[in-house]
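What follows is a short report on a single structure.
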Amino acid sequence: MKNHKLIYRYFTSAFLTGILLIYGCNSRPGKALQPGELLKTEVSIGGMTCTGCEQTIMKSVGKMEGIASVTASFASGKALVEFYPSVTDTAKIRGAITGSGYTVTGFSKIDTINATPR
């Protein structure tokens with residue numbers, strides 16, 4: 001009887017851990033709207049030569065906590081980033097871009113949006 005309880009506890013624990021891993025890893029912090037300011041900025045980027053470069057920038061910046069959206073264009077050499085300044089900042093965005101092998105030549109603030117929670 002004692003072994004059955006131990007086995008039951010083990011499988012229950014493993015099941016709950018699996019559920020937490022599956023759903024916890026898929027929820028990305030900073031993706032849902034949070035109360036406060038949402039800043040929209042244009043980032044001038046050097047070194048982008050193709051759509052693959054655009055995808056690399058969008059992936060590296062987009063996975064950061066506090067990023068609401070990111071689009072990049074190799075043709076213009078710019079990325080448009082919406083982010084929560086209470087969670088991240090332009091220094092971290094610059095780090096993600098330079099860490100991907102590109103250079104950041106400047107930031108231009110475009111807009112401030114008051115975000116409301118969903």
Side-chain angles (χ1 to χ4, degrees):
M1 184 70 164
K2 189 175 182 179
N3 283 340
H4 291 293
K5 286 183 181 180
L6 184 61
I7 292 171
Y8 175 77
R9 285 184 184 165
Y10 172 77
F11 281 111
T12 303
S13 175
F15 175 76
L16 292 175
T17 301
I19 294 295
L20 287 174
L21 286 173
I22 290 169
Y23 290 103
C25 290
N26 287 334
S27 66
R28 294 173 38 180
K31 288 298 176 187
L33 285 177
Q34 301 172 18
E37 285 187 329
L38 176 68
L39 295 181
K40 186 186 291 186
T41 188
E42 185 178 75
V43 186
S44 298
I45 302 170
M48 288 195 296
T49 59
C50 64
T51 57
C53 297
E54 294 172 348
Q55 295 299 317
T56 300
I57 296 292
M58 291 189 293
K59 184 177 179 181
S60 65
V61 175
K63 71 181 179 183
M64 294 174 50
E65 184 175 355
I67 301 295
S69 70
V70 58
T71 56
S73 168
F74 82 91
S76 68
K78 297 180 189 283
L80 188 61
V81 181
E82 293 181 349
F83 68 98
Y84 295 96
S86 61
V87 180
T88 194
D89 57 26
T90 56
K92 291 178 184 173
I93 295 169
R94 177 186 300 269
I97 294 169
T98 58
S100 297
Y102 304 93
T103 58
V104 174
T105 58
F107 286 88
S108 302
K109 181 180 170 187
I110 294 177
D111 201 3
T112 302
I113 304 164
N114 285 323
T116 56
R118 287 186 178 173

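All values below come from the heavy atoms of this structure, side chains included, with hydrogens, waters and symmetry mates left out. Since the model is a prediction, treat every value here as computed from it, not as a measurement.
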message: So which atom in Y84 and which in E37 form the shortest heavy-atom distance, rounded to 0.1 Å?
response: CD2-O, 3.5 Å
query: Restricting to pairs with a member in residues 98-108, which pass side-chain hydrogen bond (donor to acceptor under 3.5 Å, both in side chains), not counting sequence neighbours?
result: S60-S100
Shortest non-hydrogen contact between A68 and L38, atoms and distance: CB-CD1, 3.7 Å
- request: Determine whether T90 and F83 make a side-chain contact, defined as any pair of heavy atoms from C-beta on separated by less than 4.5 Å.
  value: yes
- prompt: Nearest heavy-atom pair of T88 and E65: which atoms, and what distance?
  reply: CB-O, 3.6 Å
Sole candidate of T41, T112, L39 that passes side chain to side chain contact (heavy atoms under 4.5 Å, CB included) when paired with P85: L39
message: Do M48 and I45 have side chains that approach each other closer than 4.5 Å (heavy atoms only, starting at C-beta)?
response: yes
- prompt: Closest heavy-atom contact between V43 and F107?
  reply: CG2-CE2, 3.5 Å
Where at least one partner belongs to residues 78-91, residue pairs that pass salt bridge (Lys or Arg N to Asp or Glu O under 4.0 Å), sequence neighbours excluded: K40-E82, E42-K78
- prompt: Residues two or more places apart in sequence or in another chain: which of them pass salt bridge (Lys or Arg N to Asp or Glu O under 4.0 Å) with K92?
  reply: none
field: Shared hydrophobic cluster, L80 / I97 (ILVMFWY, side-chain heavy atoms < 4.5 Å)
entry: no
field: Closest non-hydrogen atom pair, A79 against I57
entry: CB-CG2, 4.4 Å
message: T51: which residues meet the side chain to side chain donor-acceptor pair (under 3.5 Å) condition with it, sequence neighbours left out?
response: none
- prompt: At what distance, to the nearest 0.5 angstrom, does CZ of F74 lie from SG of C50?
  reply: 7.0 Å
query: Sequence neighbours excluded, which residues qualify as side chain to side chain donor-acceptor pair (under 3.5 Å) partners of T71?
result: none
Closest contact, heavy atoms only, A96 versus M64: CB-SD, 3.5 Å
